[in-house]
Student: 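Submitted below is the structure of interest, expressed as structure tokens.
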Amino acid sequence: ALIGTDDFAAAAEVYEKLLAEFPKTTHRAAVLFSLGWVRTKLERYEPAIEAFSQLSREFPDYPDRAKAQLAMSDCYTALKQFDKSALLLQGLEADKAVADQVLLRQAWNLFRSDQKKMAADAFMRYADRFPGTPLATSAVFNAGISRFETGDYAGATPLFARAMETAGDAAQTADARYWGGLCLFNQGLYAETAGMLEPLIAKTPDHLTPE
């Protein structure tokens, strides 16, 4: 009930009290998982890791163990402990049920740890392996951003073009078009840049129209 009201601090206290007063409860595994989750929501990442680690040690066959490992990897990423996050994710690579989530997290870890070239490749592995998922276009876009940030404008250009082709809405298309235009500009292709960006300036956005 407390989680439903977003009162995560109070929920954490209830879970902690439950574990302390009933250490042998048959719901211990679920409580540890939930405790880790609410601590994550509170950005209490180290205590969350403690809960998820305890869950993994005590209940190696817990049905949602992979989800707990993914959540723990997110905590390590938030703490910028990318090596520890990468190690957890590597251990989940063979789990087909979470393969897409593992790949995407690996890509983001590489991006956030400033390994942009490797991040671009990782984002594309996700997009090519899971082309039908809602996040596939975003992965291609982020691969383009990764290449752009390394100065590989020629390599980023076709990625933004691909993102434009598969975009699910106008805003996503506009973002890809804008960055594609920047890539062309940085290659000195000014006429192509104008052609790419022209649709973005052809109509003044409604929120910029004088009343």
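Being a predicted model, the structure only gives us computed values, none of them experimental.
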Student: Under a 4.5 Å cut-off applied to non-hydrogen side-chain atoms, are N142 and F111 in contact?
Tutor: no
Student: Identify the heavy atoms of Q172 and A167 that sit nearest to each other, and give their distance.
Tutor: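 Nearest heavy atoms, Q172 then A167: OE1-CA, 3.3 Å.
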Student: Salt-bridged, R44 to E50, with N to O below 4.0 Å?
Tutor: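 No.
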Student: Should F8 and W37 count as side-chain neighbours, where that means a heavy-atom distance under 4.5 Å?
Tutor: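 Answer yes - side chains close enough.
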Student: Using modelled atom types only, decide if a donor and an acceptor are shared between the side chain of T137 and the backbone of T166 within a distance under 3.5 Å.
Tutor: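 Yes; judged by distance alone, with no hydrogens or angles, the pair exists.
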Student: Taking all non-hydrogen atoms of both residues, which atom of T150 and which atom of K116 are closest, and how far apart?
Tutor: CG2-CB, 3.4 Å
Student: Please report the C-alpha distance between K41 and D7 in whole Å, then the side-chain angles of each, then the deciding distance to 0.1 Å, and finally whether the salt bridge (charged side-chain N to carboxylate O under 4.0 Å, His left out) criterion is met.
Tutor: CA-CA 10 Å; K41 298 294 287 186; D7 193 347; over 6 Å; no
Student: Evaluate the side-chain proximity of Y62 to L32: yes if any heavy-atom separation is below 4.5 Å, no if none is.
Tutor: no
Student: Could you walk me through whether L103 and F130 pass side chain to side chain contact (heavy atoms under 4.5 Å, CB included), step by step?
Tutor: CA-CA 10 Å; L103 272 176; F130 302 100; 3.6 Å; yes
Student: Centres of the W108 and F123 rings: under 6.0 Å?
Tutor: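 Yes, the ring of W108 comes within the 6.0 Å limit of the ring of F123, centre to centre.
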Student: Quick one: does D152's side chain get under 4.5 Å of K117's, heavy atoms only?
Tutor: no
Student: Less than 4.0 angstrom from a charged side-chain N to a carboxylate O is my criterion; do E93 and R125 meet it?
Tutor: no
Student: So do the side chains of L55 and R65 get within less than 4.5 Å of each other, counting heavy atoms only?
Tutor: no
Student: For A156 and C183, which heavy atoms make the closest approach, and how far apart are they?
Tutor: CB-SG, 3.6 Å
Student: So how far is it from T193 OG1 to L184 CG, rounded to the nearest 0.5 Å?
Tutor: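 It comes to 4.5 Å.
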Student: Take atom CG of D83 as the centre, draw a 6.0 Å sphere, and report whether it contains more than 12 heavy atoms from other residues, nucleotides or ligands.
Tutor: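 No, because the 6.0 Å sphere around CG of D83 holds 12 heavy atoms or fewer from other groups.
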Student: Looking only at atom types and distance, does a side-chain atom of S73 sit under 3.5 Å from a main-chain N or O of S85, one as donor and one as acceptor?
Tutor: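 Answer holds: no.
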Student: Step by step, work out the side chain to side chain contact (heavy atoms under 4.5 Å, CB included) result for L70 and L89.
Tutor: CA-CA 7 Å; L70 287 172; L89 294 172; 3.9 Å; yes
Student: If you count heavy atoms of other groups shown closer than 6.0 angstrom to CD of Q187, is the number above 12?
Tutor: yes
Student: Strictly under 6.0 Å, is that where the ring centroids of Y76 and F82 end up?
Tutor: no
Student: Do L88 and L92 come close enough that some side-chain heavy atom pair is under 4.5 Å?
Tutor: no
Student: Is F59 atom CZ crowded by more than 12 heavy atoms from other residues, nucleotides or ligands, each under 6.0 Å away?
Tutor: yes
Student: Are the side chains of I145 and F160 in touch, meaning some heavy atoms are under 4.5 Å apart?
Tutor: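 In contact.
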Student: Spell out, as yes or no, whether a donor-acceptor pair under 3.5 Å connects the side chain of R28 to the backbone of P23.
Tutor: yes
Student: For the residue pair A66 and D95, what are the closest heavy atoms and their distance?
Tutor: CB-OD2, 3.6 Å
Student: Quick test of your reading of the model: are R112 and D114 salt-bridged, counting only N-O distances below 4.0 Å?
Tutor: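 No, no charged N to carboxylate O under 4.0 Å.
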Student: Is the shortest heavy-atom distance from the side chain of F148 to the side chain of L159 under 4.5 Å?
Tutor: no
Student: One pair to check against side chain to side chain contact (heavy atoms under 4.5 Å, CB included): D121 and R147. What are the steps and the verdict?
Tutor: CA-CA 9 Å; D121 293 339; R147 291 199 180 279; 3.0 Å; yes
